[in-house]
Amino acid sequence: MAEATTTVTVRDLGAQGMVTLRGDLADETLIKAVRKVTGLTVPGQRGFRRGKSGAVAWMSPDELLLLVPEDKAGSAVADLDRALDGQHHLAVDVSDARAMFAVEGPFAREVLAKCSPADLHPDSLPEGEIRRTRLGQVAAAFWCEGDGIWRVIVFRSVAGYAQALLERSARDGAVGAF
Amino acid sequence: MLILTCPNCGIAAEETELSPGGEAHLHRHGPGSSDGEFEEYLFLKENPRGVHFERWRHSHGCGKWFHAARDTATLQVFGTYSAQTTEPPQHIRDAITAARPGWRWRDFS
């Protein structure tokens, strides 16, 4: 293969606190509540923001995914519910429903591109943007956190499949497309 | 390959990322309607060779529904637009007219 001495590794990141928040993303109260829980502002369309204690990902026009430390997911939901009391919203701890992987190495972008119909060219999917798409046969979301550093989220029920798929793709080596 | 741009998240999604939702702008008649009207709503769909309006869901993406206007024969996409409408917006109709003058689909033209 083209990259004989360098490899891309696929690692299960284990427990990660994840909270789904649905509501009006332009609402001041919601923006304030998100800042209180994560210390971050609500990102724009397809945006991903990471801070010291967490991260916020734009999932759809009315949905955010908040990444918090695993032991903080419960209190994050409670904080959001308290702040948004009386207004239309949904905050759920989905930590146990999802699995998160680290895909890291020089051609990590290609490892994902081989499994997905998404356009992974650096111009189309730059750092700071999340892409929800398909990995092989399952739904997934991934984003870049630096040169050759990617994070992938899938449903936990298909985590085994996703890991095997990514490991196989990494083992097959670089294509040299990007 | 069919590529539709989801108006909800702005992604140019490839066909396998989407789920088809059938014909767009169906009208379900209310209480007191006839059996014939219900039959039309349920079964009598357009199946044109040419300009067509469809519903699609970005199921492997943002999960939202949207409308698409395209040509079933050439796969030319005239545009995508919000699901929250009962008829195609004017800019979509204009785009179709530019490519297919004199087009007609149900009551729209």
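Everything numeric here is computed off the predicted structure, so don't read it as measured data. Every chain is numbered from 1, with letters handed out A, B, ... down the list of sequences.
- Taking 4.0 Å as the cut-off between side-chain N and carboxylate O, B/E17 and A/R131 count as a salt-bridged pair.
- Judged purely by atom type and a 3.5 angstrom limit, A/R132 has no side-chain atom pairing as donor or acceptor with the backbone of B/H60.
- Residue A/Q137 qualifies as open at atom CD: its count of foreign heavy atoms under 6.0 Å is 12 or below.
- Transitive grouping of hydrophobic side chains (ILVMFWY, heavy atoms separated by less than 4.5 Å) brings A/V19 and A/L30 into a common cluster.
- Two different hydrophobic clusters hold A/L67 and A/F101 under the rule that ILVMFWY side chains link at heavy-atom gaps under 4.5 Å.
- Atom NE2 of residue B/H58 and atom OG1 of residue A/T133 lie 6.5 Å apart, to the nearest 0.5 angstrom.
- The line from CD1 of B/I11 to CD of A/Q45 is 8.0 Å long, rounded to the nearest 0.5 Å.
- The heavy-atom pair separating B/N8 from A/P61 by the smallest distance is O-CG, 3.4 Å.
- Residue A/D71 qualifies as enclosed at atom CG: its count of foreign heavy atoms under 6.0 Å is above 12.
- Judged purely by atom type and a 3.5 angstrom limit, A/E63 has no side-chain atom pairing as donor or acceptor with the backbone of B/G63.
- The shortest side-chain heavy-atom distance between B/K64 and A/D62 falls under the 4.5 Å cut-off.
- For CZ of A/R168, the number of neighbouring non-hydrogen atoms (other residues, nucleotides, ligands) closer than 6.0 Å is 12 at most.
- For B/K45, the NZ atom sits in a packed shell: over 12 heavy atoms of surrounding residues, nucleotides or ligands are nearer than 6.0 Å.
- Atom SG in B/C62 sits 10.5 Å away from atom CE in A/M59 (nearest 0.5 Å).
- Under a cut-off of 6.0 angstrom, the local environment of CG in A/D123 is crowded, with over 12 non-hydrogen atoms contributed by other residues, nucleotides or ligands.
- Proximity to chain B (any heavy atom under 4.5 Å) is shown, for A/R134, by both the backbone and the side chain.
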